[in-house]
Each structure stands twice: as C-alpha cells, then as structure tokens.
Protein chains: 2
Amino acid sequence: MKSKSKLNSEFVANCTCFNLRKATRAITKVFDDALKPSGLYSTQFSLLAAISVMDSATISNLSQALIMDRTTLTRNLNPLQENGWVEVSPGEDRRTKNLSLTKSGKKVLGKAMVPWKQTQKQIVESLGKKRWEDLMGQLTFAVNKVNPY
Amino acid sequence: MKSKSKLNSEFVANCTCFNLRKATRAITKVFDDALKPSGLYSTQFSLLAAISVMDSATISNLSQALIMDRTTLTRNLNPLQENGWVEVSPGEDRRTKNLSLTKSGKKVLGKAMVPWKQTQKQIVESLGKKRWEDLMGQLTFAVNKVNPY
DNA sequence: TCATAATAAGAGTATATACACGTAATTTGC
DNA sequence: GCAAATTACGTGTATATACTCTTATTATGA
C-alpha cells in the first residue's frame with residue numbers, strides 16, 4: 001500500500017522552518033550521493049570551497065559568512081584537518097587562526113567539482129532556471145531579513 | 001572592523017545545497033529562540049505536530065511523510081519519549097509501532113503553538129505574503145522533483 | 001598604567017542527520 | 001507449506017549543529 005502520507009494542519013504543512021528543513025534534507029541527499037565518490041560530504045565541499053575563496057579566513061570570519069555558529073564551524077573543521085585538507089596557521093592577532101587549504105585539500109575539492117557541477121546543473125534544469133533563480137533570491141532575501149550581520 | 005564577508009565563486013554562492021542549508025540555519029535559529037520558553041526545539045515541535053495529525057503513525061510512515069531517514073526519526077524520538085511526550089505502542093503488524101502523543105505531549109505542543117504562530121506570522125510578513133508563498137511553493141516543487149516517494 | 005570591556009576561540013553537552021549492518025516478522029512464489 | 005524476498009525496525013558509527021561556560025588575548029578608558 002504505502003500511500004503517500006500528507007501532513008495537514010498548519011503547524012506542519014505551513015511551517016517555514018519545517019519546509020526548509022525538509023527540502024534541505026532532500027536536496028542534501030542528492031548532493032551527498034553525487035559527491036560520494038569524491039570522499040566529501042556536501043557540507044564539507046561547501047566548507048572547503050568557502051575557505052578557498054576567502055582571503056585570510058579566520059574562524060569568526062568564516063562563521064559569519066556562512067551564518068554558522070562559530071563552535072559549529074570549529075567542529076566541522078575537525079574531520080577536514082584530520083584528512084589533511086585544511087591547515088590552521090596562527091593569524092596576525094594571537095587570538096585568531098588562519099584557515100587555508102592544503103595541496104591535498106585543493107585536490108579533493110577539484111575532484112569534487114565535477115559531480116557538483118553535474119548535480120547543480122541537473123537541479124537548476126529540473127526546477128527550471130527561473131524557478132531556481134527565484135528560489136535562490138528568496139532564500140537570500142530571507143537570510144538577510146533574519147540575520148543581524 | 002568585521003566587514004560583511006561575501007563568498008564568491010559559483011561553488012559557494014550558487015550552490016543550491018549550501019544556500020538551502022544556510023537559510024535553514026538562519027530560520028531555524030529564529031524559531032528555536034522563539035520556542036525556547038516552551039522547552040521544545042523547532043524540530044521537536046514539528047515532530048510532535050506531525051504525530052498529532054497523522055492517523056496511525058508508524059516509524060516508516062512518518063519518516064516518509066517527513067522525508068527523513070527512518071533511523072534519524074528513531075533517534076529524534078528518543079528525547080521526546082524520555083520527556084514523556086510521545087508514546088510508542090505496538091502496531092497491528094508485530095513489526096510496526098504506533099506513535100502517539102501523551103497528554104503531556106499535547107500540552108507542551110499546545111503551549112508551543114503560541115510562539116510558533118507569532119514567529120510564523122512575523123516571517124511571512126517580513127518576506128511579504130507573495131514572496132513567502134512563492135518560497136513555499138518552490139520548496140515543495142523541489143522536494144517533489146528529487147524525492148522518489 | 002591598569003582595571004575593565006570586548007574579541008577570538010575551545011570544551012562539555014545535547015540534539016539532528018543518515019549510512020551500513022543486523023534482526024525479527026510478514027509476504028510471495030513455487 | 002516452505003524457502004526466499006520484502007518489510008519494519010534498531011545499533012554502531014560519523015558528521016552537522018548550536019548553546020553554555022571558560023580561557024587567552026587585545027582594546028578601551030579613566
């Protein structure tokens with residue numbers, strides 16, 4: 001049988017948070033599956049890519065850019081360091097630390113870019129370019145509305 | 001100083017997965033803050049609300065409706081059971097388990113509905129009704145595109 | 001200068017998420 | 001009727017997320 005169960009009641013069906021989290025689970029799975037051969041999770045791919053384009057990324061810097069709690073970022077960096085993809089060096093200020101990709105980190109990021117591009121393209125086409133652009137715009141709008149930084 | 005760092009490079013700025021996750025972090029924080037006095041996380045609120053509107057919710061049933069891995073759902077139910085909000089009873093099939101809210105679960109859900117409504121209203125107004133409706137529609141569209149069920 | 005405030009970061013704790021693997025119960029097909 | 005496939009669920013393990021509390025360093029101001 002296994003009918004497609006629908007959730008009614010406004011508290012579930014209309015909840016902005018629930019719908020965002022649900023879509024995030026679904027989309028993350030698509031990217032995770034595609035990136036699997038590269039050895040990266042989609043979250044790790046984004047983190048490596050963010051470090052690679054930031055000039056002088058510190059923990060706080062990066063956490064603000066990602067709208068991610070600073071302690072979350074620290075925790076997420078652990079497996080990347082253990083895999084030798086990210087290097088942590090002392091910053092100018094003795095309180096800060098500079099993050100950068102190692103040669104190995106650049107390599108794995110480069111490898112993962114291939115399936116990333118495929119997946120991204122597939123999703124944009126699947127939604128339709130206009131709908132995808134609208135979605136991105138609305139996400140950005142929402143983030144800017146609720147994020148104080 | 002703390003300049004608003006922007007992330008360029010298509011792999012970050014355009015990534016569907018990254019943008020969804022970022023927005024989810026931001027919005028989840030808004031709901032979590034609002035629901036804090038109720039003692040529920042927004043995820044737990046959604047889960048309790050989902051159980052309350054499903055008739056005969058089993059683990060697999062619910063996990064499909066939420067597009068959440070079955071084992072994730074099992075894990076997420078643990079704190080709800082420990083708090084005495086969710087009751088697990090044997091299903092008709094001896095393999096299945098029925099989930100339902102306890103009296104205490106209904107009470108805490110009811111209490112949390114007040115700040116939920118406020119926050120939801122605030123976010124809809126903040127985005128504008130049309131933009132919010134578009135966003136929800138696109139999330140649903142995307143989920144239906146990538147989700148096999 | 002020196003006490004205080006602000007900033008940068010880590011550790012403890014707890015929840016959220018899902019994959020791989022394993023077990024029990026039911027269904028299917030011969 | 002019974003072996004094999006399917007279904008429902010749990011555990012081990014690992015990553016993602018963020019709050020609270022704490023430490024070290026830098027900046028401020030009287």
Distance check: side-chain N/O of [X] vs OP1/OP2 of [N], anything under 4.0 Å?
X        : N       : result
Thr74(A) : dA9(C)  : no
Asn76(A) : dT17(D) : yes
Asn78(B) : dT15(C) : no

Considering every strand and a 4.0 Å limit on heavy-atom distances, what is the contact class for Thr28(B): base, sugar-phosphate, or nothing?
nothing

Looking only at the side chains, is there a donor atom on one of Thr96(B) and Thr58(B) sitting less than 3.5 Å from an acceptor on the other?
no

Does a salt bridge link Lys36(B) with Asp32(B), judged by any charged N lying under 4.0 Å from a carboxylate O?
no

Return the stems involving DNA chain D, sorted by first number, where pairs are Watson-Crick (N1-N3 with N6-O4 or O6-N4) or G-U wobble (N1-O2 and O6-N3), both under 3.5 Å, and runs are 3 or more long.
C:1-30 with D:1-30

From dT15(D), dG10(C), dC9(D), pick the nucleotide closest to the side chain of Thr96(B)?
dC9(D)

Would you kindly compare Thr58(A) and Tyr41(B) by the position of their nearest DNA chain C nucleotide and give the one closer to the 5′ end?
Thr58(A)

What does the B/S/- profile of nucleotides 18-26 of chain C look like, 5' to 3', with a 4.0 Å heavy-atom cutoff to protein?
BBB----BS

Ignoring hydrogens, what is the shortest heavy-atom contact between Asn14(A) and Gln120(B)? Give both atom names and the distance.
O-NE2, 2.7 Å

Under 3.5 Å donor-acceptor, Asn19(A) side chain and Ala13(A) backbone
yes

Check the distance between dA16(D)'s C1' and Leu40(A)'s CG and give it to me in whole angstrom.
15 Å

Which class fits the ring pair Phe45(B) and Trp116(B): parallel under 30°, tilted 30 to 60°, perpendicular over 60°?
parallel

